[in-house]
There are 2 protein chains.
Amino acid sequence: MYEYPVEATLEVIGGKWKTLILCHLTYGPKRTSELKKLIPEITQKMLTQQLRELEEDGVILRTVYNQVPPKVVYELSELGESLRPVIDVMCDWGERYIQGKLPERGDSGL
Amino acid sequence: MYEYPVEATLEVIGGKWKTLILCHLTYGPKRTSELKKLIPEITQKMLTQQLRELEEDGVILRTVYNQVPPKVVYELSELGESLRPVIDVMCDWGERYIQGKLPERGDSGL
DNA sequence: CGGAATCCGGAAAGATACTG
DNA sequence: CAGTATCTTTCCGGATTCCG
């Protein structure tokens, strides 16, 4: 099915906003409006779409509370929990990257 | 600049084909045609584009040999090497995912 | 001949308004 | 509050063309 294993990973978390969403969900369950507030640049449409795909891939759970106003909560599934090491190492690299604690950029600096 | 560190990571390796390209480069320098052969589904255009962006972000080095026929070789820079743990953990998860060694999908299974 | 740039049609993503 | 529908804009795939 996949030429290389990493393609499977990309299939699951490769969406434009998926890793960021999962990153926020590692801190606990979040409802839609919370995620929207945590990721202001995302549009409602893309948020819904990416959440749907994550749900279909079984990495997050979606719980709907039948009430008015509506309440929908998303959280990591067991499979999603298994992605923690991936998320963590990505967050970690990003931190060091921002803080300049990584090797210099490999080019001539232009 | 970034709301969350992981956004920096996504900025660098978040492109559609970047992680896969980097994955192949972890096995050693590759010329354009080799990468094209390793990733048949990618178009020449996207390959060039993603390689340019990776180069601009300083994670890969581009060496042009002035000869006929042309020869261009790409390899990880020092900064790119620092991404190895990220790539590795992603490959590792993908392997276990494919082999069914991960928790069941979190949904009702349908 | 390998590598990259260009042009165009289609698909995906952004913005916004609307519904239950 | 969540999610949908519509429209616009950007991005991607494929073919062709260009250059050394």
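The sequence lines fix the lettering, A, B, ..., with proteins before strands; numbering per chain opens at 1.
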Checklist outcome for this item: What residues 9-22 of chain A contributes to the DNA chain C interface at heavy-atom separation below 4.0 Å is A:Lys16, A:Trp17
Item to check | Distance, nearest 0.5 Å, that separates CG of A:Leu22 from CD of A:Glu81 | outcome: 10.5 Å
Checklist entry - In Å, rounded to the nearest 0.5 Å, how long is the span from CG of A:Leu76 to CD of A:Glu78? => result 11.5 Å
Can you find a heavy atom in the side chain of [X] that is under 4.5 Å from one in the side chain of [Y]?
X: A:Lys18; Y: A:Val12; result: no
X: B:Ile21; Y: B:Leu47; result: yes
X: A:Leu38; Y: A:Leu20; result: no

Pairs under 3.5 Å (N/O, protein and nucleotides 3-8 of chain C):
from, atom 1, to, atom 2, distance (Å)
C:dG3, OP1, B:Arg31, NE, 3.1
C:dG3, OP1, B:Arg31, NH2, 3.2
C:dG3, OP2, B:Ser33, N, 2.9
C:dG3, OP2, B:Ser33, OG, 3.1
C:dA4, OP1, B:Arg62, NE, 3.2
C:dA4, OP1, B:Arg62, NH2, 2.9
C:dA4, OP1, B:Tyr74, OH, 2.6
C:dA4, OP2, B:Thr32, OG1, 3.4

Atom pair distance, as rounded to whole Å: [atom1] in [X] and [atom2] in [N]:
X: A:Glu41; N: C:dA13; atom1: CD; atom2: P; value: 16 Å
X: A:Met46; N: C:dA15; atom1: CE; atom2: P; value: 11 Å
X: A:Gln49; N: C:dA15; atom1: CD; atom2: P; value: 14 Å

Checklist entry - Are A:Ile60 and A:Tyr65 connected, step by step, through hydrophobic side chains (Ile, Leu, Val, Met, Phe, Trp, Tyr) whose heavy atoms are closer than 4.5 Å? => result no
Next on the checklist: I'd like to know if B:Leu35 and B:Val64 are part of one continuous hydrophobic network [Ile/Leu/Val/Met/Phe/Trp/Tyr, side-chain heavy atoms within less than 4.5 Å].
Outcome noted: yes
Looking at [Y], is its backbone amide N or carbonyl O close enough to the side chain of [X] to form a donor-acceptor pair, meaning the two atoms are under 3.5 Å apart?
X: B:Thr19; Y: B:Ile13; value: yes
X: B:Lys36; Y: B:Ile42; value: yes
X: A:Glu95; Y: A:Asp92; value: no
X: B:Thr9; Y: A:Trp93; value: no

Next on the checklist: Going 5' to 3' along DNA chain D, between which two nucleotides do contacts with chain B fall, using a heavy-atom cut-off of 4.0 Å?
Outcome noted: D:dC12 to D:dG20
Item to check | Secondary-structure string, 5' to 3', Watson-Crick or G-U under 3.5 Å, | for another-strand partners, for DNA chain D | outcome: ||||||||||||||||||||
Next on the checklist: Taking side-chain hydrogen bond (donor to acceptor under 3.5 Å, both in side chains) as the definition, give me every residue that meets it alongside B:Trp17, ordered by chain and number, with sequence neighbours left out.
Outcome noted: none
Next on the checklist: Going by salt bridge (Lys or Arg N to Asp or Glu O under 4.0 Å), name the pairs with one or both residues in residues 61-74 of chain A, residues two or more places apart or in two chains.
Outcome noted: none
